[in-house]
Amino acid sequence: MVTVTHRSARARAIIALGATIAVASVAVAAPASGAPSVAASVVVAAGRPAPPAPSTSTGYGGAVSSVDAEASAIGLAVLRTGGNAVDAAVAAAAALGVTEPYSSGIGGGGYFVYFDAATGEVTTIDGRETAPADMPTTAFVDLATGQPYVFANAVSSGLSVGVPGTLATWQTALDRYGTRSLRQTLAPSIVLATRGFKVDATFAQQTADNQSRFAAFPATAKLFLPKGAPPVVGTTFRNLDLAKTYLRIALRGTDAFYQGAIADEIAALVQHPVTTPGATLPAYSGYMTADDIAGYRVLEQDATHIDYRGLDIYGMAPSSSGGTTVGESLNILENFDLSSASAAQSLHLYFEATAHAFADRNAYVGDPAFVDVPTETLLSQDFADARACVIDPDAASPKPVPPASLDAAGCTSVPAAEHADTENLSTTHLSVVDRWGNAVAYTLTIEQTGGSGMTVPGRGFLLNNELTDFSFTPTTPKDPNTVEPGKRPRSSMSPTIVLDDGDVRYVVGSPGGSMIITTVTQVLMNRIDLGMALPEAVAAPRASQRNSAAVAAEQGFRTAYEAQLSPFGHQFATSAEIGAVAAIEVGAGGLMTAVAEPVRRGGGTALVVKPTK
Ligand code: GLU
């Protein structure tokens with residue numbers, strides 16, 4: 001990272017190469033007549049102050065929504081020049097690796113949901129990080145005391161790093177459904193990383209929040225604390241190391257990451273975390289080897305599906321709990337006529353639905369390669385109807401509610417295991433629809449804001465701490481999310497695509513740990529049942545009931561609804577901010593409404609190819 005005004009010869013060389021690739025990309029995928037080329041758009045995007053960042057745009061011809069202005073602009077440039085939704089999603093995701101390096105990047109993983117308008121099919125790519133083959137089931141237990149490691153200590157360590165899946169996801173998405181190469185889609189972000197982006201308050205604050213642990217890892221301190229302090233708002237942040245890494249991958253393909261020097265360096269860092277002299281973090285060693293990295297494979301599996309009030313809702317199957325838990329919550333809600341209920345009544349039912357769905361998630365969902373996950377049952381309307389029968393429309397049930405018996409014949413429950421949920425505001429989501437009606441919902445992450453805190457020296461990206469999504473200690477009854485070698489930790493990521501009579505209607509997703517599930521559910525309920533337009537449904541204050549004594553709620557939610565909901569028996573605890581949604585609606589005549597957060601996370605950017613105003 002450099003913050004000088006005059007670019008070094010190295011920077012100029014990288015820009016020149018990135019621009020060359022961008023130009024070559026455009027030559028291969030000639031743009032529609034009159035449209036600006038990718039290269040031109042990128043030069044404009046990267047060379048001027050931050051691009052415009054509306055949180056809502058309406059129009060035609062394609063739409064992109066993400067948390068970041070640069071990423072949305074790059075995604076839009078791809079759509080404008082004839083790329084499809086997958087090309088745009090991968091290009092925007094690569095940009096997020098530059099501008100949102102604490103939330104996403106090639107050191108992490110994610111889940112990609114794709115709707116193909118030509119075939120009418122929804123498919124998914126599971127790029128979740130995996131536990132190394134040698135990781136023992138007791139990895140997060142201090143064998144000297146028999147106690148689990150302190151969560152924060154486990155986060156900033158080699159132990160927490162899962163084998164990254166993001167780059168393999170991009171390559172697979174492009175191979176299966178894209179029209180452009182990985183080289184073409186990385187090109188704009190090579191330029192972006194080299195020219196830099198303007199530091200905003202969110203980026204500066206995220207750095208400051210992580211300053212002490214970033215300082216404990218020399219490569220991270222060098223990159224993200226350039227003068228021993230977080231970058232100053234308004235300055236330009238460049239990441240030449242990442243530009244070089246992207247360039248290497250652009251030229252040599254994903255093997256340049258999964259094999260050879262970079263893979264060796266990742267494995268070495270995980271096994272022997274390098275800390276700054278005097279740092280007090282325990283920085284536990286992990287088990288990842290170069291073989292684990294070379295052996296990483298994405299999974300392509302069926303999307304989850306439910307019917308909700310005549311719409312088809314598709315999501316991510318386990319190892320994410322997103323699809324099953326959003327699906328079960330909505331199936332439960334379908335037992336009630338929310339459109340004629342009061343706001344308080346609807347919100348009470350929403351809390352009860354998600355609490356019950358979370359009880360079942362915690363009891364039954366893990367990596368299906370290791371656990372027999374009853375995905376079909378959890379998504380069945382009969383099962384949800386049985387759950388709904390224990391919900392009192394006028395009173396909150398005592399929390400935690402027990403999980404259901406898998407026998408859907410009655411309202412029976414089974415004992416619950418102990419459960420702890422993490423929640424944070426890391427991770428990022430992007431939604432894309434193209435002119436052909438193809439759609440992508442893609443949520444990607446490095447887990448905590450700043451992941452493990454460990455940057456691969458000289459490579460410009462942070463490694464994830466996804467393995468802290470595992471339950472740390474084995475429990476009785478057996479927790480489906482305990483650590484096992486080669487297993488994927490249970491996720492809450494919920495990239496969601498909603499079809500109406502075979503056409504895309506909504507694309508939704510969010511970060512927020514386990515609050516992702518309630519956020520996606522609440523936004524869908526707001527839009528489908530409570531009569532809010534999509535921008536309103538996204539901006540509305542949020543609350544999250546994940547089967548705990550108190551509902552986590554934003555202050556705005558408490559102010560608006562607590563007095564009405566307390567008589568039901570709900571208690572509240574304030575959460576500063578819940579989620580950061582990026583969504584798109586396709587309405588009558590193909591009118592697209594792209595919506596990002598107006599305020600949360602500093603506000604996102606939603607763009608359309610041909611705005612109507
Ligand atoms: N690690 C989380 C999950 O997979 C996502 C990160 C977050 O948003 O907290 O569910």
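In each ligand, atom 1 is the first atom listed, and ligand 1 is the first ligand listed. Every value quoted in this text rests on a predicted model; they were computed, and no experiment measured them. We use all heavy atoms of the structure for the numbers below, so side chains are in, but hydrogens, waters and symmetry mates are not.
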### Query
Do Tyr177 and Thr123 meet the criterion of a side-chain donor-acceptor pair at a distance under 3.5 Å?
yes
### Query
Between Tyr314 and Phe115, does the ring centre distance come in under 6.0 Å?
no
### Query
Between Asp367 and Arg128, is the closest basic N to carboxylate O distance under 4.0 Å?
no
#### Entry: Parallel, tilted or perpendicular: ring planes of Tyr284 versus Tyr149, cut at 30 and 60 degrees
parallel
## Note on the structure
Counting heavy atoms under 4.0 Å, the part of Glu466 that contacts ligand 1 is side chain
### Task
Go through ligand 1 atom by atom and flag the ones less than 4.0 Å from a non-hydrogen atom of Gly512.
8 (O), 9 (O)
### Message
If the cut-off is 4.0 Å to any non-hydrogen atom of Met493, which atoms of ligand 1 fall inside it?
### Response
4 (O), 10 (O)
### Message
Checking the N or O distance criterion of under 3.5 Å, is ligand 1 in contact with Gly513?
### Response
yes
### Task
Could you tell me whether some N/O pair between Ile516 and ligand 1 is separated by less than 3.5 angstrom?
no
### Summary
Contact region, Arg128 to ligand 1, non-hydrogen atoms below 4.0 Å, reads side chain
#### Entry: Under-4.0 Å salt bridge between Glu577 and Arg601
no
### Query
Would Arg361 and Ser321 count as having a side-chain donor-acceptor pair, cut-off 3.5 Å?
yes
### Message
Need the ligand 1 atom indices (1-based, order shown) with element for anything under 4.0 Å from a heavy-atom of Asp469.
### Response
1 (N), 2 (C), 3 (C), 4 (O), 10 (O)
